[in-house]
> 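Dumping the structure here so I can ask a few things about it.
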Protein chains: 2
Amino acid sequence: MTIRVLLADDHRMLREGLRRSLEERGFEIAAEAADGDEAVTLAAQHTPDVVLMDVSMPVLDGVEATRRVREATPEVRVVMLTMHVDPDVVARAIRAGASGYLVKDCSIDEVAEALTLACDGQTVISPHLAASMLDEVRRLDGDPHEEVITKREEEVLQLIADGHSTPEVAEKLYISQKTVKNHLASIYHKLDARDRTQAVVRAVRLGIIHLD
Amino acid sequence: MTIRVLLADDHRMLREGLRRSLEERGFEIAAEAADGDEAVTLAAQHTPDVVLMDVSMPVLDGVEATRRVREATPEVRVVMLTMHVDPDVVARAIRAGASGYLVKDCSIDEVAEALTLACDGQTVISPHLAASMLDEVRRLDGDPHEEVITKREEEVLQLIADGHSTPEVAEKLYISQKTVKNHLASIYHKLDARDRTQAVVRAVRLGIIHLD
DNA sequence: TGTGACATGGGGCGATCGGCTCATTTCTGA
DNA sequence: TCAGAAATGAGCCGATCGCCCCATGTCACA
């Protein structure tokens, strides 16, 4: 039976390349989404067998989109694609319900195999990531404490990444500078960062915030 | 006659997709490069008609690679690919000798057309970029001052992006903190940034430095 | 009915940062 | 050969930052 795939990536070029290559290998492309929100909507409409989802997308990032797809339509599997090899992002993706996690630096054949295995109920992870995943699992075992950035913290973080200073963030959010500093302190702790620059870099890699 | 293309992109997935799609349209893929340095070497070896070069690549970024390709083999045209729509990057790319500039959010047909036109000696720019390019030209007319980040400044910037403080950067580069601060001041001016966080974000978007 | 997480604040302190002016040396390109 | 850019460095100062201490109110969940 033919596997029906929903492609979700903000770069049309990559989507077209994937569509052609996957169709050649006998997959059927049910639809294409250019952002996370569209991916969620189209997944519900077309109920494909699997969604091939980019991590970094506008409007709604891939991890959050995966969470919503899995909530709305649990029978639809999600395989994630990423540029960044970060164990934390992998962990976030897996927790969000992804059945697979691929680095963009892999071949189309590997993608095809991952999609097939995902539909078969298996979880696939790029070999490059296997080692770092083990570390992550150990970390989670030893420390069940989930370092989840709250919504407010995320707002602060995004404004910081947009180039705003503490006083400016305070003004924009209608809170005191002290509160902003408190949020930042919490963010530093959760992201294991020492200052705002480290925090922004780390958050971007984790897919929590975006630069564009 | 067949147009011979060198693909330079660090994501194998995208390369494979492009190879397939372009070969289908009658192009010949002379070789594939996974980083800027490889692109320069392979361009000299294979002298393709045109190099399709990603802006952000490891080892050597696309803009610098373009500069070297054009220096070593002026008959080889370069068409750049980018994720970010930033007029400054476009300006840097054109100054580096690129014959074309495409956003990754365009179709394979557009890529094919751009490659053909580039070989014909024409310069192609994604329509999305046309407007911002006009602004850039105006800016360059009014202010012929070239804001080019120097090698030393780039080193400082990269270390800052890696999460190092001023004292740490000074230690790593065997220079005084004062000199680091001087470089940073220069960087802020050139990137129109106010602090290190803004500078890092802007540099990443310009493709000057990388987070990975 | 607590208990804990979240969001909101205050004060203080030392370190760091960014702006300012200035000087020296080296090297390259016109 | 000479101007200018690049890289190095100094001192000063005010602003900001990051890290401590702490308190309050809300709200959810057990």
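The sequence lines fix the lettering, A, B, ..., with proteins before strands; numbering per chain opens at 1.
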> With sequence neighbours left out, what residues match B:Glu171 under salt bridge (charged side-chain N to carboxylate O under 4.0 Å, His left out)?
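Salt bridge (charged side-chain N to carboxylate O under 4.0 Å, His left out) check on B:Glu171 returns nothing, list empty.
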> Just how far, in rounded Å, is P of C:dC6 from CD of A:Glu154?
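These atoms are roughly 14 Å apart.
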> Which part of the nucleic acid, if any, lies within contact of B:Thr150, taking any heavy atom under 4.0 Å across all strands shown: a base, the sugar-phosphate backbone alone, or nothing?
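Answer is sugar-phosphate: B:Thr150 comes under 4.0 Å of backbone atoms only.
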> Which pairs pass side chain to side chain donor-acceptor pair (under 3.5 Å) with one or both residues in residues 37-49 of chain A, sequence neighbours excluded?
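Matches after skipping sequence neighbours: none remain.
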> Please state how far atom OH in B:Tyr174 lies from atom P in D:dA7, giving the value in whole angstrom units.
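Computing the B:Tyr174:OH to D:dA7:P distance gives 19 Å.
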> Please report the distance, rounded to the nearest Å, between CG in B:Leu173 and P in D:dG9.
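Between P of D:dG9 and CG of B:Leu173: 10 Å.
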> Output the single nucleotide from D:dT8, C:dG9, D:dA7 whose closest atom is nearest the side chain of B:Ile175.
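From the listed options, D:dT8 comes nearest.
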> Using atom CG of A:Leu191 as one end and atom C1' of D:dG18 as the other, report the distance to the nearest whole Å.
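These atoms are roughly 15 Å apart.
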> Salt bridge (charged side-chain N to carboxylate O under 4.0 Å, His left out) with B:Arg4: which residues, sequence neighbours excluded?
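In terms of salt bridge (charged side-chain N to carboxylate O under 4.0 Å, His left out), with neighbours along the sequence ignored, B:Arg4 is linked to B:Glu28.
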> If an axis is fit to five pairs at each end of the helix from C:dT1-D:dA30 to C:dA30-D:dT1, what is the angle between the two, to the nearest 10°?
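Computed from the C1' atoms at both ends, the axes differ by 50°.
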> Hey, is B:Glu64 close enough to B:Arg67 for a salt bridge, meaning N to O under 4.0 Å?
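Judged by the 4.0 Å cut-off on N to carboxylate O distance, B:Glu64 and B:Arg67 do form a salt bridge.
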> From B:Arg19 CZ over to B:Arg12 CZ, what is the distance, rounded to the nearest 0.5 angstrom?
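It comes to 12.0 Å.
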> Using the salt bridge (charged side-chain N to carboxylate O under 4.0 Å, His left out) criterion, which residues pair with A:Arg15? Sequence neighbours excluded.
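In terms of salt bridge (charged side-chain N to carboxylate O under 4.0 Å, His left out), with neighbours along the sequence ignored, A:Arg15 is linked to A:Glu32.
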> For A:Glu113, what residues pass the salt bridge (charged side-chain N to carboxylate O under 4.0 Å, His left out) criterion, not counting sequence neighbours?
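For A:Glu113, no residue satisfies salt bridge (charged side-chain N to carboxylate O under 4.0 Å, His left out) once neighbours in sequence are set aside.
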> Atom NZ of B:Lys151 to atom C1' of D:dA5: distance rounded to whole Å?
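Distance, rounded to whole Å: 14 Å.
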> Find the distance A:Arg152:CZ to D:dT26:C1' and express it as a whole number of Å.
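Between C1' of D:dT26 and CZ of A:Arg152: 14 Å.
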> Answer yes or no: does a side-chain N or O of B:His183 lie under 4.0 Å from OP1 or OP2 of D:dA6?
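So the side-chain polar atoms of B:His183 never come under 4.0 Å of the phosphate oxygens OP1 or OP2 of D:dA6.
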> D:dA7 C1' sits how many Å from B:Glu155 CD, rounded?
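Going from B:Glu155 (CD) to D:dA7 (C1'), I get 11 Å.
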> Strictly under 4.0 angstrom, non-hydrogen atoms only: write out the protein contact profile of nucleotides 17-26 of chain C, one letter per nucleotide from the 5' end, B, S or -.
BBBB------
> Name all residues meeting the side-chain hydrogen bond (donor to acceptor under 3.5 Å, both in side chains) criterion together with B:Glu155; count only those two or more places apart in sequence or in a different chain, and write none if there are none.
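Scan of B:Glu155 (side-chain hydrogen bond (donor to acceptor under 3.5 Å, both in side chains), adjacent residues dropped) gives B:Arg152.
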> May I have the list of side-chain donor-acceptor pairs in residues 193-201 of chain B shorter than 3.5 Å, sequence neighbours left out?
unit_1   : atom_1 : unit_2   : atom_2 : d
B:Arg194 : NH1    : A:Glu168 : OE2    : 2.6
B:Arg194 : NH2    : A:Gly163 : O      : 2.8
B:Arg194 : NH2    : A:Glu168 : OE1    : 2.9
B:Arg194 : NH2    : A:Glu168 : OE2    : 3.4
B:Asp195 : OD1    : B:Thr197 : N      : 3.1
B:Asp195 : OD1    : B:Gln198 : N      : 2.9
B:Arg196 : NH2    : B:Thr166 : OG1    : 2.7
B:Thr197 : OG1    : A:Thr197 : OG1    : 2.9
B:Gln198 : OE1    : B:Arg194 : N      : 2.8
B:Gln198 : NE2    : A:Gly163 : O      : 2.5

> Which is true for B:Ser176 with a 4.0 Å heavy-atom rule: it touches a base, it touches only sugar-phosphate, or it touches nothing?
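If one applies the 4.0 Å heavy-atom cut-off, B:Ser176 turns out to touch the sugar-phosphate alone, with no base involved.
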